[in-house]
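Note that the structure is predicted; figures quoted are calculated from it, not measured.
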Amino acid sequence: MIEKKLLEQTCEAIRHLYGQEIKPESVGLEKTKREITGDYTIVVFSLLKISRKSPEATANEIGIFLKDKVAEICDFNVIKGFLNLVLSDHFWIKFLEKHGTRPGFGFQKPRHERPVVLEYSSPNTNKPLHLGHIRNNLLGFSLAEILKANGHKIVKVNLVNDRGIHICKSMLAYMKWGNNATPASTGMKGDHLIGLYYVMFNQHYKAEIHDLIEKGLTEEEAERQAPLIQEAQDILRKWESKDPGTFDLWRKMNNWAYEGFDQTYHRLGVDFDKIYHESETYLLGKKLVDEGLKAGTLIQKEDGSIWADLRDEGLDEKLLLRADGTSVYMTQDLGTAQLRYDDYHPSSMIYVVGNEQNYHFDVLKRVLTKLGKNWASHINHLSYGMVELPAGKMKSREGTVVDADDLIDEMIQTAEETTRELGKADELSETDAGKLFNTIGLGALKYFILKVDPKKNMLFDPKESIDFNGNTGPFIQYTYARIQSLLGKSNEAGFLWEDVTVSTELTLERLEKETIVRLYQFQEAVVQAGDEMSPAVIANYVFDLAKVFNQFYQELPVLKEVDKEKVFLRLLITNFVGETIRKSMSLLGIQVPLRM
RNA sequence: GGUCCCGUAGCUCAGUUGGAUAGAGCAACAGCCUUCUAAGCUGUGGGUCGCGCGUUCGAGUCGCGCCGGGAUCACCA
């Protein structure tokens with residue numbers, strides 16, 4: 001709001017000084033760099049054509065006008081073409097008093113009526129979740145929180161890919177070598193048990209291919225003719241014809257997977273409002289395709305298969321329905337999109353899906369548009385990059401994946417070791433200590449993943465990358481814990497700081513002001529994160545805030561000051577920083593401990 | 001080959017609608033616990049922002065062309 005005022009008054013200054021009208025948007029207003037005195041900077045280079053004076057003279061004239069007209073500006077300085085405006089301490093202190101104790105700060109945006117449907121996670125039921133899913137789940141959950149903070153209603157949706165050849169492979173291996181094992185009989189998580197058979201299938205399948213190639217077949221022939229894959233396809237056909245035995249096993253094994261997933265989701269702290277199953281929705285797309293064919297927007301080839309012709313849009317033809325009438329991936333996604341639209345009439349539909357499917361979503365939107373769905377333009381793909389390991393890429397078939405549950409265990413264990421080493425768990429009960437290790441371990445993991453720009457591929461080094469010092473979750477949690485301790489101490493010491501008000505003459509020290517300025521910018525960071533669909537904005541913001549506060553904490557006494565107003569002011573800042581850290585971290589799905 | 005994404009310090013990453021001397025963390029080295037939690041703070045060293053050309057008062061940021069890495073272009077999902 002102060003920005004708006006500065007922009008308007010700058011226009012006023014130009015009208016007054018040079019007799020020309022310009023638009024507020026065309027004024028170059030930005031935050032002053034940290035090393036330079038000032039809070040806001042107006043870049044005047046673009047105004048030189050109007051002023052017909054040197055950059056320094058122009059900046060000076062505008063500065064004089066603004067200082068005179070805007071009460072909040074107490075001073076200004078000019079460096080080359082940069083007009084640095086200094087806002088008064090009084091302005092910042094008033095801001096602190098107004099917002100410092102209000103818990104909802106940063107969330108004053110108007111509510112939106114229509115919801116946003118946000119799909120994330122979307123697991124396959126034939127193997128457990130891995131590191132890639134963790135990035136997906138954390139991004140999805142965090143984005144939901146950020147959008148909520150921006151006034152949106154959110155429907156979190158999970159689309160479970162519970163049918164197809166992959167689950168049949170696990171089923172086949174189980175029938176052959178499973179010995180009726182169950183999660184209960186083996187003590188394994190259901191999804192891990194199923195994953196075991198998926199790996200088993202691939203091992204035997206690979207061996208069969210190898211043998212067939214020895215016998216003189218080409219690789220392609222071998223892959224197609226191996227008995228195991230043919231048996232798996234047979235199971236798929238039985239499933240599609242609803243063969244009772246196959247269907248029962250399918251249901252049983254899928255339920256194991258769901259139980260396993262639920263545990264992992266619970267540990268990660270993510271949840272869903274609605275779960276769609278592809279087995280229930282995969283037929284719906286066919287109807288859309290039929291309608292498109294009748295309307296003449298789709299084409300049918302001689303063998304009966306149906307296609308969308310996207311060549312005049314720079315893409316290729318895309319198969320939508322096989323010759324035998326069965327559906328493909330795109331068909332299903334058309335159907336689920338329509339279903340989702342009918343269910344919620346959302347203002348937008350967001351899909352959190354890896355960037356390897358960029359093309360798929362491009363095509364999905366175009367086909368829906370072709371089918372006359374004008375809401376297709378409201379589909380957004382939050383495309384995130386792969387998580388790479390130091391050893392190379394993750395390949396599920398080659399066993400070079402990082403299992404989600406293992407990773408979480410490892411993080412919590414490392415947190416425990418480090419915490420005990422520092423002697424911080426000594427005074428805690430077993431349950432409290434356990435909770436703390438959990439909070440720290442998961443905080444480290446979540447922050448590490450979320451601080452990276454989603455669209456970029458990222459490197460995950462389990463040994464070295466997970467640290468508890470520096471730009472990490474635990475560092476921010478630690479800052480919060482110290483703040484809580486400090487506030488507790490202030491209560492013990494009997495500071496009735498809610499009764500005090502700060503006089504207008506009080507001046508801010510550099511670190512106080514820097515901290516307040518960052519708090520002021522918090523709301524903007526939330527909006528930006530929402531627009532860019534990037535929790536990384538929040539993560540990097542809150543680290544910056546915590547870092548500045550640690551300096552503040554180190555250099556400025558908070559409770560030892562004699563001046564009661566100073567104590568009050570610093571407690572106000574401390575409390576405000578604490579609240580902002582808590583809120584920011586909750587937008588990332590990260591908990592903060594009261595002590596650590 | 002077509003399309004899309006990425007390339008910033010030894011490593012992992014930030015870098016606001018193009019702005020001032022490109023920033024953090026890790027790692028290395030040197031300091032700071034009798035003082036609100038040292039998972040902290042301060043300091044030092046470390047850069048051809050992949051390369052080139054262009055746009056302009058000004059380019060890590062925008063445009064074009066190269067180089068390098070990745071993804072995708074399936075009757076898999």
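- Nearest heavy-atom pair across A/Val289 and A/Thr331 is CG2-CG2, 4.0 Å.
- Rounded to whole Å, the separation between the C1' atoms of B/U61 and B/G18 comes to 6 Å.
- The gap from the P atom of B/A27 to that of B/A77 amounts to 47 Å, rounded to the nearest Å.
- Following rounding to the nearest Å, A/Asn491 (CG) and B/C36 (P) show an atom-to-atom distance of 17 Å.
- Contact check on A/Arg366 versus A/Asp362 returns a salt bridge, with a Lys/Arg side-chain nitrogen under 4.0 Å from an Asp/Glu carboxylate oxygen.
- Using a 4.0 Å cut-off between charged side-chain N and carboxylate O, A/Glu3 and A/Lys31 make no salt bridge.
- Under a 4.0 Å N-O distance rule, the pair A/Glu280/A/Arg163 does not qualify as a salt bridge.
- Residues passing the ring pair (Phe, Tyr, Trp, His ring centres under 6.0 Å) test with A/Phe82, sequence neighbours excluded: A/Phe45.
- Counting only residues at least two apart or on different chains, the side chain to side chain donor-acceptor pair (under 3.5 Å) pairs with a member in residues 526-535 of chain A are A/Gln528-A/Glu532.
- If you measure from atom CE of A/Met458 to atom C1' of B/G70, you get 16 Å, rounded to the nearest angstrom.
- Rounded to whole Å, the separation between the P atoms of B/C6 and B/G50 comes to 12 Å.
- Per the geometry, CG belonging to A/Leu389 stands 14 Å off C1' belonging to B/U12, to the nearest Å.
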> Please walk me through it: do A/Ser383 and A/Asn358 pass side-chain hydrogen bond (donor to acceptor under 3.5 Å, both in side chains)?
Replying inline: CA-CA 7 Å; A/Ser383 158; A/Asn358 285 357; 2.9 Å; yes
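- Straight-line distance between the P atoms of B/U17 and B/A30: roughly 42 Å, to the nearest whole Å.
- The aromatic rings of A/Tyr329 and A/His360 sit parallel to each other, their planes meeting at less than 30°, with 60° as the upper class boundary.
- Within the 4.5 Å cutoff, side-chain heavy atoms of A/Met458 are placed close to those of A/Arg135.
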Between the protein and nucleotides 6-8 of chain B, list every N/O to N/O distance that falls short of 3.5 Å.
from, atom 1, to, atom 2, distance (Å)
B/C6, OP1, A/Lys455, NZ, 3.4
B/G7, OP1, A/Lys456, NZ, 3.2

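- The heavy-atom pair separating A/Gln225 from A/Gln230 by the smallest distance is CA-NE2, 3.6 Å.
- With hydrogens and angles disregarded, a donor-acceptor distance shorter than 3.5 Å links the side chain of A/Thr439 to the backbone of A/Lys435.
- Side-chain proximity of A/Lys560 to B/U16, B/A14, B/U35: nearest is B/U35.
- Between A/Asp453 and A/Glu25, the residue anchored closer to the 5' end of RNA chain B is A/Asp453, taking for each the nucleotide with the nearest heavy atom.
- Straight-line distance between the P atoms of B/G7 and B/G60: roughly 15 Å, to the nearest whole Å.
- Comparing B/G40 with B/G25, their P atoms are spaced 10 Å from each other, to the whole Å.
- Between B/G19 and B/U56, the two C1' atoms lie 12 Å apart (nearest whole Å).
- One can place CG of A/Asp544 at 14 Å from P of B/U16, the figure rounded to the nearest angstrom.
- For A/Glu30 and B/G15, the CD to C1' distance is 13 Å, given to the nearest whole Å.
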Protein-nucleic acid N or O pairs under 3.5 Å, nucleotides 38-43 of chain B:
from, atom 1, to, atom 2, distance (Å)
B/A38, OP2, A/Arg482, NH1, 2.9
B/A39, OP1, A/Lys424, NZ, 2.9
B/A39, OP1, A/Tyr478, OH, 3.4
B/A39, O3', A/Asn469, OD1, 3.2
B/A39, N7, A/Lys424, NZ, 3.3
B/A39, N6, A/Thr419, OG1, 3.2
B/G40, OP1, A/Gly470, N, 3.1
B/G40, OP2, A/Asn469, OD1, 3.3
B/G40, O2', A/Arg482, NH2, 3.1
B/G40, O2', A/Gln554, OE1, 3.4
B/G40, N2, A/Gln554, NE2, 3.1
B/C41, O4', A/Gln554, OE1, 3.3
B/U42, OP1, A/Gln551, NE2, 3.0

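- Of all nucleotides listed (B/A20, B/G25, B/U16), B/U16 comes nearest to the side chain of A/Lys31.
- Rounded to whole Å, atom P of B/A14 lies 12 Å from atom CG of A/Leu450.
- Annotation: proximity of residues 33-52 of chain A to RNA chain B (heavy atom, distance under 4.0 Å) is found for A/Lys33, A/Ile36, A/Thr41, A/Val43, A/Phe45, numbered in ascending order.
- Counting only Watson-Crick and G-U wobble pairs whose two distances sit under 3.5 Å, RNA chain B takes part in these stems of three or more pairs: B:1-7 with B:67-73, B:10-13 with B:23-26, B:28-32 with B:40-44, B:50-54 with B:62-66.
- By the side-chain hydrogen bond (donor to acceptor under 3.5 Å, both in side chains) test, A/Tyr553 pairs with no residue at all, sequence neighbours left out.
- Salt-bridge check for A/Lys23 with A/Glu8: failed, with every basic side-chain N at 4.0 Å or more from each acidic carboxylate O.
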Could you list, one pair per line, each protein nitrogen or oxygen that sits under 3.5 Å from a nitrogen or oxygen of nucleotides 59-64 of chain B, together with the distance?
none

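- Annotation: A/Phe261 is not in aromatic contact with A/His133 [ring centroid separation under 6.0 Å not met].
- No contact: A/Ile476 has no heavy atom under 4.0 Å from any strand.
- A/Phe82 places its CZ atom 14 Å from the P atom of B/G18, with the value rounded to the nearest Å.
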>> Each nucleotide in nucleotides 72-77 of chain B should get exactly one letter: B, S or -. Can you fill that in based on protein heavy atoms under 4.0 Å?
In response: SS-BSB
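- Proximity of the aromatic rings of A/His166 and A/Tyr198 is defined here by a centroid distance below 6.0 angstrom, and this criterion is not met.
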Could you pull out all donor-acceptor pairs under 3.5 Å where a side-chain atom in residues 537-548 of chain A meets a protein atom, sequence neighbours excluded?
from, atom 1, to, atom 2, distance (Å)
A/Asn540, ND2, A/Lys451, O, 3.3
A/Asn540, ND2, A/Ala536, O, 2.9
A/Tyr541, OH, A/Arg518, O, 2.3
A/Tyr541, OH, A/Phe522, N, 3.4
A/Asp544, OD1, A/Arg34, NH2, 3.3
A/Asp544, OD2, A/Arg518, NE, 2.8

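- In this structure, A/Lys301 pairs ionically with A/Glu317, as a charged nitrogen and a carboxylate oxygen lie closer than 4.0 Å.
- Here B/U37 presents its P atom at 12 Å from CD of A/Glu427, a figure rounded to the nearest Å.
- Listed by first then second residue, pairs satisfying salt bridge (Lys or Arg N to Asp or Glu O under 4.0 Å) with a partner in residues 37-51 of chain A read A/Asp39-A/Lys513, not counting sequence neighbours.
- Remark: A/Tyr359 pairs with no residue by the side-chain hydrogen bond (donor to acceptor under 3.5 Å, both in side chains) rule, at least two apart or across chains.
- Using a 4.5 Å heavy-atom cutoff, the side chains of A/Phe552 and A/Ile573 are in contact.
- If you take atom C1' in B/U34 and the same atom in B/A28, they sit 31 Å apart, rounded to whole Å.
- Against the 90° criterion about 0, the sugar-base torsion of B/C5 places it in the anti range.
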